[in-house]
Structures are given as C-alpha cells and as structure tokens.
Amino acid sequence: MTRGDPVLEAARLLRGRTDAVALTGAGISVESGIPAFRGWQGLWGKYDPMEYATLGAFLRSPIKVWRMLSEMVALCGDAAPNAAHRGLAELEGMGILRAVITQNVDGLHQAAGARNVIEYHGNMEALVCIACWRRYPTRQRWVDGRAPTCDCGEILKPDVVLFGEPIPWLAQERAEEEARTCGVLLVIGTSAQVSPACDIPRVAKKAGATVVEINPEETALTRTVADLHVPGTATDAVRSILIALSGGEGTPR
Ligand code: APR
C-alpha cells in the first residue's frame, strides 16, 4: 500500500496515461439518491436477495419480485448523474480513461456523457419477455406497483442480470479485455463481494495494472489487490483527483 496523500498519488498515477479503466459499483450512485445493496440502508436489508433478486425467484413469483424491481425502476428513473459520474466522463474526454465497466443498471455513466461504458449487469431501461424475447423500453410498459406484460401475455423482466443468470457474454469479453490491458484500474464504490465482477481487479492486477480503490470503507480488495486506497466518497475523491491532475491541491483538508 502506497504512503502519502492518496489523492495526489492517484493523480500522479493517472497523469499522462491513455490506458486507465474504471470499475464501478453501487457506491458511485449513492450520492445520486440510489441506495447501495449492502451495508447501512442497503436495498438487500429491505429485500432478501434470495427471495427477490434471483432468476429462480422471478420465475416462481414474478409479481412479488416486481415489488422490488418497481422500487429500483423508480429510483433509477428519478436519479441524475453526480460529480463522480461526470468526473469519469471528463477523464474519458481528456483521453486518460479508456472505458468504464459498471455493475450498475442505472445508466448514469452514459447520462453523464461517458461513451465507452460496459454494462456488466445489464440496464433497467429495457424490458425483455422471457417467453418470446421481445424487448420494450421500460418507460413504455412499466406502471408503478404492477408487473408489466408482453403482447404475448408473459410478464416482462428488466434487462438486468439477476443472481443465477450469466453475465452478457459481450460485456464479459469486453470487460476482461479492458482489465487485461489497462495500466491503471480505478475501482469505485463496490464491496467486491459479487462474482465474477469482483474478479476484474484481480485480472487487472495479474496483468500488471496498478489498482486504485475509491471507497469510504475498506473492502475485500483494500489490503489484498489494491495498490492505493483513496478513503472518501466517489464525488469527493474523483473531484479532488481532477483538481490535482490540473495541478491543484491533494486531499481536501
Ligand atoms: N462513494 C463511494 N463508495 C461508496 C459510497 C460513496 N458515496 N457509499 C457507499 N460506498 C461503498 C460502500 O462502502 C460499499 O463498499 O459502495 C460499496 C457498495 O457495495 P454494494 O452495495 O455491495 O454494491 P456493489 O458492490 O455494486 O454490488 C455488486 O451485487 O447485489 C448485486 O447486482 C448487484 O451489481 C450489484 C452487485
């Protein structure tokens, strides 16, 4: 683990690069009003994921699972990108950040202007019929409190990866390629507890990348895979790193 001001160190690691990649989790969207899954006020504290977030649970009782999904659709629908989402788009615009691999299904990276976004767990903005595979924009079919249906009569599922479902193969291929070939991996707002996403930092590290973790708390990565831990919220840390990159001060005192 590197000593000294972590923000200045992160800026030093990013300066002049063109091969940085970011891996993001629910923590980056907490300051946009979308709760994380675990920890204090986490969504899984309210809904048992084994009852509300597995493919099996959805097939067994889709109307019940839509109670949780409706809450997520509403939260994602009302949310706007924050300074961390915008900061990553800015790093991409500066040519430093090459891609964002996100576990989030809220579309906020794209809403902030990021172009190369790999949606590892899918996206809430589309619904798919698990009988005839027809797809619909969520806002066209979703009504709060009801399970949306397909023209074929089947209940629609959001185009997100539930537990027990495979990662979309193209997203998995692209994410692993980015991890294998990046120079710096920024890991922002993930507890790194869910596989295979939590393996991405290990793939990057094994391929020689420097892993920089941004999280107010320590995670399973902090004392194992991370080379640098920036202890702070996503918005504070990303904003401070951008300031430091432009020659300003380090961690705000
Ligand atoms: N800024 C940065 N990080 C934050 C912030 C913040 N403002 N607030 C919380 N965090 C951190 C927490 O400390 C925690 O480590 O974000 C992390 C959120 O962890 P989880 O809730 O476990 O979310 P995530 O890692 O994205 O979950 C992975 O699990 O439930 C499934 O499919 C779901 O994509 C999700 C996957």
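Just so you know, ligand 1 is whichever comes first in the structure, and atom 1 is the first atom listed for that ligand.
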Option from W44, F163, F58, Y47 for which ring pair (Phe, Tyr, Trp, His ring centres under 6.0 Å) with Y52 holds: Y47
Validation row: [X], [Y] side chains within 4.5 angstrom (heavy atoms):
| X | Y | value |
| --- | --- | --- |
| R146 | W66 | no |
| T102 | V117 | yes |
| N123 | D159 | no |
| N215 | L221 | no |

With atoms numbered from 1 as shown, which atoms in ligand 1 lie under 4.0 angstrom from a non-hydrogen atom of G25? 26 (O)
Enumerate the atoms of ligand 1 whose separation from the nearest heavy atom of W44 is less than 4.0 angstrom. 30 (O)
What is the closest protein heavy atom to [atom], and at what distance does it sit?
| atom | value |
| --- | --- |
| atom 14 (C) of ligand 1 | N215 ND2, 3.8 Å |
| atom 24 (P) of ligand 1 | T190 OG1, 3.8 Å |
| atom 9 (C) of ligand 1 | G27 CA, 4.0 Å |
| atom 33 (C) of ligand 1 | F37 CE1, 3.7 Å |
| atom 32 (O) of ligand 1 | H121 ND1, 3.6 Å |
| atom 18 (C) of ligand 1 | G189 O, 3.7 Å |
| atom 3 (N) of ligand 1 | P216 CD, 3.2 Å |
| atom 1 (N) of ligand 1 | A234 N, 2.9 Å |

May I ask you to check if ligand 1 and [X] share an N or O to N or O distance below 3.5 Å?
| X | answer |
| --- | --- |
| F163 | no |
| Q103 | yes |
| I28 | no |

Under 4.0 Å, heavy-atom basis, I'd like to know which part of [X] is in contact with ligand 1: side chain, backbone, both or neither.
| X | answer |
| --- | --- |
| E31 | side chain |
| T233 | both |
| R38 | both |

Give a yes/no on ligand 1: does Y120 have at least one heavy atom closer than 4.0 angstrom to it? no
Does the residue G42 have a heavy-atom contact with ligand 1, meaning some pair of atoms that are separated by less than 4.0 Å? no
Pairs flagged by side chain to side chain donor-acceptor pair (under 3.5 Å) wherever residues 149-158 is involved - sequence neighbours left out: R141-D151, K157-E165
For R134, is the CZ atom crowded, meaning more than 12 foreign heavy atoms sit under 6.0 Å from it? yes
Evaluate whether atom CD1 of I63 has more than 12 neighbouring non-hydrogen atoms of other residues, nucleotides or ligands under 6.0 angstrom away. no
Against N116, only a single residue in R174, R98, H109 fulfils side-chain hydrogen bond (donor to acceptor under 3.5 Å, both in side chains); can you say which? R174
Using distance alone, with no hydrogens and no angle criterion, decide if D106 and S29 have a side-chain donor and acceptor under 3.5 Å apart. yes
Could you pull out every donor-acceptor pair under 3.5 Å between side chains of residues 33-43 and any protein atom, sequence neighbours left out?
none

